[in-house]
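Taking it in order: structure first as structure tokens, then the write-up.
The structure displayed is predicted, hence computed values, not measured ones. Values below: all heavy atoms of this structure, side chains included; hydrogens, waters and symmetry mates excluded.
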Protein chains: 2
Amino acid sequence: MANIIVLGGDGFCGWPTSLGLSKAGYDVIIVDNLSRRKIDIELGCDSLTPIKPISTRIEKWKKITGKEIKYFNINVAVQYHKLLTLIKDINPKAVIHFAEQRAAPFSMKTPFCKRYTVDNNINATHNVLCAIADSGLDVHVVHLGTMGVYGYGTAGVAIPEGYLKVKVECEEGQKELDIMYPANAGSIYHMTKTLDALIFYYYNKNDGIRLTDLHQGVVWGTNTPETMLDEALINRFDYDGDYGTVLNRFLMQAVVGHPLTVHGTGGQTRAFIHIRDTVNCIKLAIEHPPEKGDRVNIFNQATETHKVRDLAKIVSGITGAEIRYYKNPRKEDAENELKVRNDKFLKLGLDPIVLSKGLMNDVVDITKKYRNRCDMSKIISTSLWSGKQEIDLKGANKPVL
Amino acid sequence: MANIIVLGGDGFCGWPTSLGLSKAGYDVIIVDNLSRRKIDIELGCDSLTPIKPISTRIEKWKKITGKEIKYFNINVAVQYHKLLTLIKDINPKAVIHFAEQRAAPFSMKTPFCKRYTVDNNINATHNVLCAIADSGLDVHVVHLGTMGVYGYGTAGVAIPEGYLKVKVECEEGQKELDIMYPANAGSIYHMTKTLDALIFYYYNKNDGIRLTDLHQGVVWGTNTPETMLDEALINRFDYDGDYGTVLNRFLMQAVVGHPLTVHGTGGQTRAFIHIRDTVNCIKLAIEHPPEKGDRVNIFNQATETHKVRDLAKIVSGITGAEIRYYKNPRKEDAENELKVRNDKFLKLGLDPIVLSKGLMNDVVDITKKYRNRCDMSKIISTSLWSGKQEIDLKGANKPVL
């Protein structure tokens with residue numbers, strides 16, 4: 001079958017995607033500079049699950065399945081000519097682009113983190129597009145974006161898939177335009193994804209590059225059928241205040257006996273997707289590329305929406321964990337509604353794994369198994385959206401609302 | 001009076017602006033890494049006018065006017081802490097941000113040029129905003145953007161100043177939104193300015209930074225009353241195919257006996273502004289900053305629109321020069337209409353210097369004086385918007401239409 005390059009293929013979404021594609025018969029080439037593992041070192045943090053080095057992971061996969069995954073350590077944001085040479089050599093059917101710093105709290109932590117996120121994400125995205133144009137090859141790019149580019153709280157309008165029909169007054173009366181949904185980022189990380197969208201728009205228009213942009217919700221879950229084949233294939237599980245995602249954090253907090261950390265009133269509505277559906281969606285996106293000449297194909301990669309406090313209540317209901325309300329470090333509305341269209345993936349046959357399907361127990365089991373690896377001091381989120389805000393680390397375990 | 005930092009203050013717009021602000025009584029601090037002069041070296045090109053080193057320029061200005069301009073060689077895209085320290089030390093009333101690679105043809109020349117333009121422009125803009133947020137100071141940022149962010153050919157709609165009122169269908173019926181004008185960049189350079197706009201949007205929203213974004217038309221003219229005080233103060237004049245702007249090129253081509261280089265049919269309509277009005281507009285922008293809490297203040301900094309072939313006809317009419325039509329290297333409509341609202345600067349008292357005011361003779365005089373410095377081989381534009389296009393350099397002086 002065809003070659004697929006997975007940029008960032010050692011990460012939380014990238015690794016299970018790489019295995020899922022390898023299982024499906026694609027020849028997978030992982031490119032990763034291991035930046036996510038190095039950020040763990042800087043944060044003094046580690047995945048709750050004991051992830052193995054990429055070389056061990058790949059060897060084990062080959063031993064179990066007979067399938068080979070190639071790996072190249074390339075910094076996509078910097079090593080342009082290595083990337084270009086690889087693309088020319090491999091001539092992939094698609095490049096899956098996960099090679100970005102992906103945590104909003106980390107992106108707000110310090111000026112260094114802001115600057116690193118912008119520099120890394122924008123140069124990575126631009127290098128990928130520039131290299132494909134430069135190669136002269138017809139390569140489909142599939143990018144992992146975020147629901148966060150839309151902003152939250154678009155009351156009364158279900159968020160469409162990337163584009164918005166609007167009416168404008170002009171000399172000849174009213175004119176209908178089909179525009180990109182106006183961007184409204186809530187963090188530096190989300191901002192980089194709104195910039196990515198304009199880079200895609202341009203390279204699609206000027207160079208005819210076929211592009212799929214996946215606006216993904218908050219991912220939960222950790223393992224897929226492939227990562228469960230052997231402990232050496234296990235996926236990472238982030239529980240810290242920077243990289244941990246909300247539902248996984250709640251489930252893990254319940255297991256280790258930490259109060260569930262709801263920020264603000266918990267009235268924020270977010271879109272969610274299980275990690276297995278991330279893999280399923282990417283497979284569908286590869287199998288259904290846009291035609292040459294089509295505009296950027298945008299999917300909302302999310303399967304359900306929930307208020308954060310409702311998730312806390314569900315987890316508390318199952319586990320008996322206490323819920324605590326912390327000052328919200330983000331600048332956002334205390335309460336918002338969110339409706340999301342995801343018709344396109346449903347039409348392609350996606351059968352969503354929603355919370356009610358019982359996979360929350362998987363997460364509980366994983367966290368029980370590795371609870372001894374948890375550093376309780378890393379649970380509270382210490383990144384602030386405003387330098388003028390104050391956070392009392394000593395008191396951070398006490399509720400403030 | 002107040003301190004003003006001019007980032008990119010040695011460049012084509014930056015230098016006359018710095019002098020104009022110094023003349024007006026501001027304490028001007030120029031920051032420039034001299035990248036524009038270095039690009040000239042790489043292109044094997046030079047300003048038609050004999051520009052002096054920045055140190056000589058500043059000494060001469062002090063000698064003539066008694067006014068001191070400070071200069072710091074800082075790469076704004078890279079040397080974040082130097083920039084931050086300077087902003088904290090100076091506590092400026094405003095930072096004028098010209099520190100970007102500003103030529104569309106150069107940005108399309110090679111993958112290196114594309115990548116340099118993105119890396120430099122985005123990191124420069126982000127570092128400026130990040131440093132101001134980091135400093136905790138209330139500094140007004142005035143950015144030199146481009147009319148090109150709007151795209152061309154919005155038939156029937158006069159381009160508003162940055163924002164567009166649209167109607168959207170929602171559950172409760174129709175809803176009016178005031179959105180950022182949808183971006184539609186025509187080159188990598190223009191794309192970076194559409195990215196800048198989203199960075200401004202974010203830092204204005206999250207950190208309350210007061211921002212003015214000037215969407216400038218194509219600049220023509222070269223000198224201002226200040227740069228004319230002494231030959232050592234002369235402004236740069238670019239005539240080459242990468243950095244030269246269309247009207248200045250036509251006037252200069254007529255003087256040196258080169259046919260006027262119209263690309264395509266010349267039916268492209270562009271917005272124009274004289275360099276003296278660039279300086280006037282920036283002064284007005286500094287004097288009328290947005291209030292704390294206001295959204296990004298966007299002005300269209302352009303005073304008239306013309307089709308390129310009409311400009312060629314005007315210049316040919318004055319000088320007798322021959323007009324030749326070359327293959328258009330850009331991807332754009334052969335013909336477009338363009339109406340531009342510029343009410344905001346007019347309301348602030350701008351008295352536009354339009355073509356009919358006779359300043360074209362100034363440009364002719366300058367080019368006559370320095371015609372012996374012209375390298376005829378640098379006149380043709382060799383940058384291509386598509387790698388698949390072909391350009392016959394030997395035949396480049398022959399008309400292709």
Self-check item: Donor-acceptor side-chain pairing of A:Y202 and B:N184 below 3.5 angstrom
Solution: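 Not at all, the side chains of A:Y202 and B:N184 share no donor-acceptor pair under 3.5 Å.
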Quiz prompt | Residue pair A:K167 / B:E169, side-chain heavy-atom distance below 4.5 Å | solution =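 Yes; the side chains approach each other to less than 4.5 Å.
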Self-check item: Validation row: A:N206, B:M108 side chains within 4.5 angstrom (heavy atoms)
Solution: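 Yes, their side chains come closer than 4.5 Å.
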Shorter than 4.5 Å, heavy atoms on both sides: which option in [options] has the most such pairs with chain B?
options: A:N127, A:I179, A:V168; result: A:N127
options: A:E176, A:K114, A:R115; result: A:R115
options: A:S187, A:A133, A:A77; result: A:S187
options: A:T192, A:N123, A:D196, A:L164; result: A:N123

Part of [X] lying under 4.5 Å from any heavy atom of chain A:
X: B:L84; value: neither
X: B:M191; value: side chain
X: B:P182; value: side chain
X: B:L198; value: both

Quiz prompt | Whether B:K331 side chain and A:D207 backbone form a donor-acceptor pair below 3.5 Å | solution =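 No, because the side chain of B:K331 does not come within donor-acceptor range (under 3.5 Å) of the backbone of A:D207.
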Exercise. Please assess A:Y203 against B:I188 for the test side-chain contact (heavy atoms from CB on, under 4.5 Å), listing each intermediate value before the final yes or no.
Key: CA-CA 9 Å; A:Y203 272 93; B:I188 291 288; 3.3 Å; yes
Practice problem: Please say whether more than 12 non-hydrogen atoms of neighbouring residues, nucleotides or ligands are located less than 6.0 Å from CD in B:E291. | Solution: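 For B:E291, atom CD is not crowded (no more than 12 foreign heavy atoms under 6.0 Å).
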Practice problem: Counting only heavy atoms closer than 4.5 Å, note whether A:D119 contacts chain B via side chain, backbone, both or neither. | Solution: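 Interface part for A:D119: both.
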Practice problem: For chain A, find which of B:I122, B:V118, B:L177 contributes the most heavy-atom pairs closer than 4.5 angstrom. | Solution: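 Heavy-atom pairs under 4.5 Å are most numerous for B:V118.
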